[in-house]
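To start, I am sharing the structure in question, which I have written as structure tokens.
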Amino acid sequence: MSKKPADYEGRRKHTASHVMSAAVMMLWPETKRGVGPWTDDSFYQDYDFGDAEVSDKDFKKIQKKMRWIVNKNFKVEKRMLKEAEARSAFPGDEYKEELIDGIVERGEDISFYDFVDETGRIVYTDLCAGPHVESTGEIGVFELTKLAGSYWRGDSDNAMLTRVYGVAFENEELMAEYKHFLEEAAKRDHRKLGKELDLFTFSDKVGSGLPLFTPKGTFLRETIANTIQDIQAEFGYERVNIPHICKKDLYETSGHWDKFKEDLFHVKGKGDTEFVMKPMNCPHHTQIYASQMRSYRDLPIRYSEVTTCYRDEQPGELLGLSRVRSLTQDDGHVFCRIDQVKEEVKNITKVVQAFYGKLGMYEPGRFWVSLSVRDPQTPEKYLGDPAEWDKAEQFLKEVSEEQGLDAVKTEGEAAFYGPKLDFMFKDAIGREWQLATAQIDFVQPERFGLEYINEKGEKDRPVMIHRAIAGSLERFLSVIIEHFAGAFPAWLSPIQAHIIPVNEAHEAYAKELQQKLKYAGARIEYYDASDSLGKRIRNAQKSKVPFSIIIGDNEVESGNLTIRKYGEQKDQSVSEEEFLELLES
RNA sequence: GCCACCAUAGCUCAGCUGGUAGAGCACACCCAUGGUAAGGGUGAGGUCUUGGGUUCAAAUCCCAAUGGUGGCUCCA
């Protein structure tokens with residue numbers, strides 16, 4: 001038995017994509033092939049099918065052909081070609097031309113990978129850097145999963161190719177495991193849970209990407225916002241309030257108009273003045289800062305506000321609560337001197353740690369931090385003084401080190417106005433979302449002519465720091481719904497317990513108890529005796545509410561509460577005081 | 001915005017190649033008074049997303065719009 005190379009998994013998937021391409025080329029010989037790499041759990045290949053119409057209905061056909069190729073167990077062999085030979089292999093194929101141009105430009109060798117049958121005949125070939133496994137029989141259990149459009153070379157100005165995705169596993173067990181994972185992830189999907197738990201809804205009449213929050217969803221939003229406000233209170237943030245529309249002049253000054261005017265909702269009043277719905281809050285906040293002459297003694301000035309912004313995202317980009325057109329930011333802006341930046345950013349990371357810690361999400365593996373800096377290749381994309389950028393990037397790096405954030409330097413991810421520390425969290429199916437962020441901004445203070453009087457009596461320019469802890473409440477909710485799979489901790493749960501009387505004889509006592517607990521601050525729902533006890537226990541569990549309280553003869557007599565925690569099969573008996581304490585957890 | 005797919009009752013879905021709709025859950029009412037994960041019965045609910053077209057006839061076929069899903073592009 002030959003030893004498997006370290007990159008065997010990748011090779012196997014890569015060969016699987018060649019097998020798929022071979023099948024496709026046999027079925028639709030006019031097809032042109034784009035690129036076809038492998039990813040964590042899948043492989044894909046881009047195709048230009050020309051006039052042929054291929055959809056996921058053709059998957060069965062392709063898979064059948066693939067199985068034939070796998071069963072034939074063709075040898076996979078590498079062949080080196082000269083440029084002219086390689087070019088002549090794909091007459092009239094502009095994609096291969098371009099790929100070969102690139103290889104030649106980089107001075108690399110051109111290799112082909114062939115499928116060869118037992119007589120030595122080449123049955124399929126493609127330009128490819130490899131590597132591959134030794135034969136087509138090795139690709140294992142495979143399945144085509146989805147079909148999507150994708151732009152040639154990832155550029156939306158280019159032609160749209162058809163990308164076919166598939167998965168390939170060494171054996172049936174691993175395939176079953178993978179499918180199980182997908183099922184589990186689907187159960188956590190915040191769109192599904194949002195409907196089941198009655199947290200939010202959408203209406204065709206209101207419009208796409210515009211979520212409507214139910215009482216329970218609103219409770220979650222407000223609890224999150226209030227928790228953040230409480231945590232950051234010690235760091236000196238003051239709340240402000242701004243209107244949701246403004247003249248377009250504001251964004252012309254900020255520089256956002258040119259860049260984003262297509263993505264704004266435009267509002268028409270009686271007069272000629274053009275208004276827009278605010279897509280962000282920082283320009284408004286600068287005007288509060290600018291309303292007075294500031295002294296260096298006043299700095300830092302810290303404003304915070306939980307407020308909704310509106311962005312006309314492209315319909316294809318919308319996704320449940322993760323990507324919406326009305327998003328509520330827990331926004332904050334700090335105006336300070338450059339030498340105060342480090343301390344302020346550090347305080348922001350402390351709030352992030354406290355808040356996510358309270359949710360149990362501040363744990364290794366649950367998130368990572370990006371130190372988002374300039375792309376050295378394209379310095380022209382960034383505004384402001386490079387020396388100040390250097391300083392700011394250095395501050396962020398130091399904060400990351402001192403706070404043990406282990407930030408990963410990500411070049412090209414900085415905003416055009418300054419570097420950032422971004423906190424990235426994963427949703428149920430592994431998609432990453434930026435939630436918390438601390439962004440340094442040199443540009444807007446400049447554009448808005450913000451100033452303060454320094455200790456020498458001269459005018460000086462403050463630095464602005466944008467910060468968000470939850471990011472957008474909508475996106476944040478999508479992540480925590482999936483994180484908790486809808487079973488929120490008691491302190492965050494819109495309903496903390498159901499009171500379930502065993503039968504109608506216990507209803508009066510149960511209602512009285514509900515009132516008593518409500519006065520004590522608990523969020524309790526009464527579940528009357530019209531359904532059978534078993535059914536009510538079942539429904540209470542299904543609702544993912546943290547506790548069920550069962551009230552029958554025993555409880556009326558003893559005065560204790562029989563409670564069952566969500567997800568547990570056994571009950572426990574507690575006093576009212578003990579129960580109220582449990583609700584804080 | 002681009003590519004593919006999808007849209008039937010409040011929810012989850014069935015309805016084969018055209019002959020004007022069905023289940024379960026939820027809901028209402030009645031019976032059952034039940035000590036721990038679905039007690040029983042009855043009933044009400046749908047211009048089959050919308051607008052065009054083909055046809056004697058459209059939930060079903062075609063076109064468009066709207067909305068959704070999976071990607072691509074974008075994301076202050």
Side-chain angles (χ1 to χ4, degrees), chain A residues 42 44 46-49 53-59 145-165 186 189 191-192 195-196 198 201-209 251 254-264 278-283 309 311-320 322-324 327 329 331 413 415-418 420 429 431 433-434 437 439 441 443-444 466 472 475 500-507 529-542 548 550-555 562-564 567-571:
Chain A
S42 68
Y44 65 80
D46 289 346
Y47 299 105
D48 178 348
F49 287 110
E53 279 183 29
V54 177
S55 77
D56 51 15
K57 294 191 179 72
D58 296 303
F59 280 5
T145 52
K146 56 198 174 194
L147 181 141
S150 96
Y151 298 104
W152 170 240
R153 310 224 127 177
D155 187 333
S156 59
D157 292 334
N158 287 342
M160 170 72 63
L161 305 179
T162 304
R163 178 171 294 179
V164 181
Y165 287 85
D189 190 310
R191 293 165 299 189
K192 177 175 134 72
K195 187 176 273 176
E196 284 174 8
D198 189 26
T201 185
F202 289 91
S203 158
D204 288 0
K205 288 189 176 63
V206 173
S208 65
Y251 298 114
S254 72
H256 291 99
W257 182 258
D258 282 341
K259 222 176 152 177
F260 295 112
K261 64 169 174 277
E262 302 297 319
D263 301 322
L264 301 182
K278 69 176 162 76
M280 51 170 38
N281 311 305
C282 22
C309 294
R311 298 176 182 178
D312 193 10
E313 305 281 5
Q314 301 182 43
E317 290 160 355
L318 300 173
L319 178 72
S322 309
R323 192 81 184 265
V324 290
L327 57 139
Q329 297 177 319
D331 210 353
E413 284 299 308
F416 69 90
Y417 48 71
K420 318 185 277 180
I429 51 176
R431 283 184 289 221
W433 300 100
Q434 177 210 303
T437 184
Q439 314 184 351
D441 184 352
V443 173
Q444 290 201 50
H466 308 251
S472 101
R475 174 175 298 181
I500 302 177
V502 171
N503 66 43
E504 277 151 17
H506 312 109
E507 289 199 320
S530 53
D531 285 325
S532 70
L533 182 62
K535 187 164 176 177
R536 285 178 288 152
I537 299 279
R538 181 171 190 270
N539 285 343
Q541 288 289 324
K542 252 174 52 180
S548 305
I550 291 86
I551 296 300
D553 288 339
N554 300 343
E555 290 72 25
T562 296
I563 61 167
R564 173 180 287 211
E568 288 186 5
Q569 293 283 344
K570 59 179 195 300
D571 296 341

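Quick note on labels: first sequence line is chain A, next is B, and so on, each numbered from 1.
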Worksheet item: Phosphate oxygens OP1/OP2 of rA26(B): is one of them under 4.0 Å from a side-chain N or O of K195(A)?
Response: no

Item to complete: Could you check whether E196(A) gets within reach of a base, just the sugar-phosphate, or nothing at all, counting any heavy atom under 4.0 Å?
Response: nothing

Practice prompt. Answer with yes or no whether E317(A) presents, from its side chain, a donor or acceptor under 3.5 Å of a partner atom in the base of rU73(B).
Written response: yes

Worksheet item: Among rU36(B), rA76(B), rC3(B), which nucleotide sits nearest the side chain of Y417(A)?
Response: rA76(B)

Worksheet item: Starting at the 5' end of RNA chain B, which residue's closest nucleotide do you reach first, Q541(A) or K259(A)?
Response: Q541(A)

Discussion item. So N539(A), base contact, sugar-phosphate only, or nothing? Heavy-atom distance under 4.0 Å.
Written reply: nothing

Worksheet item: Which listed nucleotide (rA38(B), rC2(B), rG34(B)) is nearest to the side chain of K535(A)?
Response: rA38(B)

Item to complete: May I have the distance from M160(A) (atom CE) to rU73(B) (atom C1'), rounded to whole angstrom?
Response: 8 Å

Fill in: Separation between the C1' atoms of rU8(B) and rU47(B), rounded to whole Å
13 Å

Fill in: Under 4.0 angstrom between R191(A) side-chain N/O and rG70(B) OP1 or OP2
yes

Worksheet item: Say you pick atom P in rG40(B) and the same atom in rC25(B); how far apart are they, in whole Å?
Response: 9 Å

Item to complete: Could you verify whether a donor N or O on one side chain and an acceptor N or O on the other, from D441(A) and H466(A), lie under 3.5 Å apart?
Response: yes

Discussion item. Can you see if the side chain of S532(A) gets near the phosphate of rG34(B) - specifically, an N or O under 4.0 Å from OP1 or OP2?
Written reply: no

Worksheet item: Between rC75(B), rU33(B), rC72(B), which one does the side chain of N503(A) approach most closely?
Response: rU33(B)

Item to complete: Check whether any side-chain N or O of Q329(A) sits under 3.5 Å from a backbone N or O of M280(A) as a donor-acceptor pair, and report yes or no.
Response: no

Worksheet item: Which part of the nucleic acid does G154(A) contact within heavy-atom distance under 4.0 Å: base, sugar-phosphate only, or nothing?
Response: sugar-phosphate

Practice prompt. Among rG70(B), rU36(B), rA4(B), find the nucleotide with the atom closest to the side chain of T562(A).
Written response: rU36(B)

Worksheet item: On a whole-Å scale, what distance lies between the P atoms belonging to rC63(B) and rC6(B)?
Response: 12 Å

Discussion item. For rU36(B), does the base pair up with any side-chain atom of D571(A) as donor and acceptor (N or O, under 3.5 Å, distance only)?
Written reply: yes

Discussion item. Just confirming the chi classification of rG43(B), syn or anti, using 90° around 0 as the syn window.
Written reply: anti

Worksheet item: Where each residue is assigned the nucleotide of RNA chain B containing its nearest heavy atom, which of F416(A) and D204(A) is assigned the position nearer the 5′ end?
Response: D204(A)

Response to the item:
From the candidates rC5(B), rC72(B), rG34(B), the one with an atom nearest any side-chain atom of A529(A) is rG34(B)

Discussion item. Under 4.0 Å, counting only non-hydrogen atoms across every strand here, what does Y165(A) touch: a base, just sugar-phosphate, or nothing?
Written reply: sugar-phosphate

Worksheet entry | Side-chain ion pair, E313(A) and R323(A), N-O less than 4.0 Å | yes

Discussion item. Over all strands shown, is D155(A) touching base, sugar-phosphate only, or nothing at heavy-atom distances under 4.0 angstrom?
Written reply: nothing

Worksheet entry | Partner nucleotide, any strand, of rU47(B) [Watson-Crick/G-U, under 3.5 Å] | none

Discussion item. Can you identify which nucleotide, out of rG70(B), rU36(B), rA76(B), has its nearest atom closest to the M280(A) side chain?
Written reply: rA76(B)

Item to complete: Go ahead and name the base partner of rG39(B); Watson-Crick or wobble counts if both distances stay under 3.5 Å, otherwise write none.
Response: rC31(B)

Practice prompt. Looking at every strand, decide which applies to L319(A) at a 4.0 Å heavy-atom threshold: base, sugar-phosphate, or nothing.
Written response: sugar-phosphate

Discussion item. Should the side chain of R323(A) and the base of rC75(B) be counted as holding a donor-acceptor pair, with the cut-off at 3.5 Å?
Written reply: yes

Worksheet item: Hey, which of W152(A), Y151(A), F49(A), Y47(A) is the one that makes side chain to side chain contact (heavy atoms under 4.5 Å, CB included) with L161(A)?
Response: W152(A)

Worksheet item: Is there a donor and acceptor pair, one atom on the side chain of Y151(A) and one on the base of rG1(B), closer than 3.5 Å?
Response: yes

Discussion item. Nearest 0.5 angstrom please: H506(A) NE2 to I550(A) CD1, how far?
Written reply: 12.5 Å

Worksheet item: Between the side chains of D46(A) and S150(A), is a donor N or O closer than 3.5 angstrom to an acceptor N or O?
Response: yes

Worksheet item: Mind checking the C1' distance from rG10(B) to rC30(B)? Whole angstroms is fine.
Response: 23 Å

Worksheet item: When the distance from CD of E413(A) to P of rC74(B) is rounded to whole Å, what number comes out?
Response: 11 Å

Fill in: F202(A) CZ to rU66(B) P, straight-line distance once rounded to whole Å
18 Å

Worksheet entry | Under 3.5 Å side-chain donor-acceptor pair for Q444(A) and S254(A) | no

Discussion item. Any strand counts, and the cut-off is 3.5 Å on both contacts for Watson-Crick or G-U wobble. Which nucleotide pairs with rA59(B)?
Written reply: none

Discussion item. Roughly how many Å apart are rC72(B) and rA58(B), using the P atom of each and rounding to a whole number?
Written reply: 42 Å

Worksheet item: Using atom C1' of each nucleotide, how far apart are rA21(B) and rG46(B) to the nearest Å?
Response: 8 Å

Worksheet item: Are the ring of F260(A) and the base ring of rA76(B) both nearer than 5.5 Å at their centres and tilted by less than 30°?
Response: yes

Discussion item. With a 3.5 Å cut-off and heavy atoms only, can you find an N or O donor on one side and an acceptor on the other between the side chain of E555(A) and the base of rG35(B)?
Written reply: yes

Worksheet item: Can D189(A) and R191(A) be counted as an ion pair, charged N to O under 4.0 angstrom?
Response: yes

Worksheet item: With both distances kept under 3.5 Å, what pairs with rC75(B), Watson-Crick or G-U wobble?
Response: none

Discussion item. With a 4.0 Å cutoff (strictly under), does any side-chain N or O of S156(A) reach OP1 or OP2 of rG1(B)?
Written reply: no

Worksheet item: C1' atom, rU54(B) versus rU60(B): distance in rounded Å?
Response: 13 Å

Item to complete: Please answer whether the main-chain N or O of D571(A) pairs with a side-chain N or O of R564(A) as donor and acceptor at a distance below 3.5 Å.
Response: no

Response to the item:
Partner of rG22(B) under the Watson-Crick or G-U wobble criteria, both distances under 3.5 Å, comes out as rC13(B)

Fill in: Value in whole Å for how far the C1' atom of rA26(B) lies from CZ of R538(A)
13 Å

Worksheet item: Looking only at atom P, what distance separates rG52(B) and rU20(B), rounded to whole Å?
Response: 23 Å

Worksheet, complete the sentence: Checking N1-N3 plus N6-O4 or O6-N4 for Watson-Crick, or N1-O2 and O6-N3 for wobble, each under 3.5 Å, the partner of rU69(B) is rA4(B)

Worksheet item: How is G316(A) classified with respect to the nucleic acid when contacts are heavy atoms under 4.0 Å: base, sugar-phosphate, or nothing?
Response: base

